[in-house]
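Worksheet: the structure to be examined is printed underneath.
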Amino acid sequence: MYRDVTCGALRTTDIGRNITLSGWVQKTRDKGFVVWIDLRDRYGITQLVMDEERSTLALLEQARQLGRETVLQVKGTVVERTSKNPNLPTGDIEVLVEGLTVLNPSLLPPFTIEDETDGGDDLRMKYRYLDIRRNPVKNNLIFRHRVSMEVRKYLSEQDFIEVETPYLIKSTPEGARDFLVPSRMNQGQFYALPQSPQTFKQLLMVGGMDKYFQIVKCFRDEDLRADRQPEFTQIDCEMAFVEQEDILNTFEGLTRHLLKEIHNIDVDAFPRMTYDDAMAKYGNDKPDIRFGMEFGELNEVAQHKEFNVFNSAELVVGIAIPGAATFTRKEIDKLIDWVKRPQVGAKGMVYVKYNEDGSFKSSVDKFYDAQDFEQWAQRTQAQPGDLICVLSGTAKATRAQLSALRMEMAERLGLRKADEFAPLWVVDFPLLELDEETGNYHAMHHPFTSPKPEQMELLDSDPGAVKANAYDLVLNGNEIGGGSIRIHDKEIQATMFKHLGFTPEEAKAQFGFLMDAFQYGAPPHGGIAFGLDRLVAILGGQETIRDFIAFPKNNSGRDVMIDAPADIDSTQLDELGIALNLD
Ligand code: ASP
């Protein structure tokens, strides 16, 4: 037997026990007449002791030779420590070693295996298996497991069945490129890896599995933005015989269950906000509502003077930054530079200091008077002491810019508190989104999303105005889940494909199987999918999903540990009937 107890288990009640432990050498301390070893495993650290009085010289000598990360088996007796360590659960005891067996030596690790490591990101990723020995990474993986288990528990109790769907499939459009897998047996043909199990879960509804879920990998070949992974995990769910309300309630229940079990937090009924309201109030379809700074639209109270920048703008909109009226000219200039960075893209920024004494000082004093500023303050809900920041331009771009400023200021002011959770539903998303480059519409959620039935006739006359039965669950400024009520009628699905620019032949070739299935008694259905990686990160009080994935890819989509993607040899290519044409 390698061990009969773990390195995190022993307490004073175990004093006198003979035990066998296995683990890694965290460090050794050699005081000459006594040697201590910290032995580590997943469960904790136990201090081992050998001294001249109680141990043989050979054993002491053997202990002195042990390098960090040696895999060790130890037999010994649990004894009370003379100087206890209150910071360690095992800190009241130590193990007086009677025998040491080296199970495997270790090279010197390229970075220290400690909570605060000296290893940079790249090095840690290359030796991820060593990184995982560190508490922060290890604990994140354990935390992820806990969240997954709670998800499975909750959904199973609600009668959901976990069903696996295939990975080698045909394209399921979720707005990204597919990862493709060449088929050896069908040369020249390719499978696509699922961007989501969307069509399969709908087919499961046709199959009568009225409550489905799956914790499942999805694959999207996107240009990687910060903190995106080409493969990621969804909690994918679908229900039959439901309306939007049923789905919102069920998954509000799941989220509430997680917040309760993981953080012992009770949250009131989640607020609901329409997409249009979210855009108008926060400039963002995933608003962080832990803090105010809501948008105040100023067209009516800013376009009556000679200030042409505002007069020619589609939207003039501001926010009040709490307590920032004391900003110096230099600080404000810096803020203006910040909004003008290409990543934000504003042309400039108008500011109004709403001083503590009720007076105003602004960059547009030439054009506006105190009465105007009173109105601006009212609309942005500014208090004396606040700084009102105003942007203008096209509605879409200006909202995005002001939203970026709002988030940035909240971050700087410490208003985005990791231990505060403010979920909400954003509902009534537009069905279609205009691609400004091509002039074509594409599905805002995905092509299987149902328009609001009462707006069906608008599809031909004003497609951009049609709202969908689509919803997102937003937590602390992150979209953690999104879904919709689906189309379950073949004709409506065909109409939808037409609006998305598919010819009937293309639609049949790509999605004939789904439309066929709709002719065999497809029940009304809908669902949602949560991004598990992000959900876990946010519940863990962090925003970087990579820290919660055992073996993540880097920002160029590479796994630097196994070195993938990689070249393949020519025999493999021949077998696949693929000729590379790389210039
Ligand atoms: N398949 C969708 C997605 O991946 C989620 C859903 O509509 O249920 O975003």
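Counting convention: from 1, in listed order, for ligands and their atoms alike. Residues take their numbers from the sequence shown, with the count starting at 1.
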Under a 4.0 angstrom heavy-atom cut-off, which atoms of ligand 1 come close to [X]?
X: Arg486; answer: 6 (C), 7 (O), 8 (O)
X: Ile528; answer: 8 (O)
X: Glu174; answer: 1 (N), 2 (C), 3 (C), 4 (O), 9 (O)
X: Gly527; answer: 8 (O)
X: Lys201; answer: 6 (C), 8 (O)
X: Ala529; answer: 5 (C), 8 (O)
X: His445; answer: 5 (C), 6 (C), 7 (O), 9 (O)
X: Gly483; answer: 6 (C), 7 (O)

Open item on the list: Tell me the protein heavy atom at minimum distance from atom 5 (C) of ligand 1, and give that distance in Å.
Closed with: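 Protein heavy atom at minimum distance: Gly482 O, 3.4 Å.
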Open item on the list: Contact between Leu532 and Arg144 at the side-chain level, heavy atoms closer than 4.5 Å - yes or no?
Closed with: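 A side-chain contact exists here, since the closest heavy-atom pair is under 4.5 Å.
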Task: Note, Lys508 side chain near Phe502 side chain (heavy atom, < 4.5 Å) - done: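 The answer is no, as the side chains (C-beta and beyond) never meet within the 4.5 Å cut-off.
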TODO: Using non-hydrogen atoms of the residue, decide whether Arg220 is closer than 4.0 angstrom to ligand 1.
DONE: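 Contact present.
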Open item on the list: Just to check, does Gln195 reach to within less than 4.0 Å of ligand 1 when the distance is taken from its heavy atoms?
Closed with: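 Gln195 does not count as a contact of ligand 1 under the 4.0 Å cut-off.
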Exercise: do [X] and [Y] side chains pair donor with acceptor under 3.5 Å:
X: Gln189; Y: Ser183; answer: no
X: Asn440; Y: Asp435; answer: no
X: Asp178; Y: Ser171; answer: yes
X: Ser484; Y: Arg486; answer: yes

TODO: Compare every heavy atom of Pro194 with every heavy atom of Pro166, then report the nearest pair and how far apart it is.
DONE: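 Result for this residue pair: O-CG, 3.8 Å.
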Open item on the list: Using a plain distance cutoff, I'd like to know if Asp236 has any nitrogen or oxygen under 3.5 Å from a nitrogen or oxygen of ligand 1.
Closed with: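 N/O-N/O distance below 3.5 Å does not exist for this pair.
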Open item on the list: Quick check: His499 with Tyr441 (ring centres under 6.0 Å apart)?
Closed with: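 Tyr441 vs His499: aromatic centres not under 6.0 Å.
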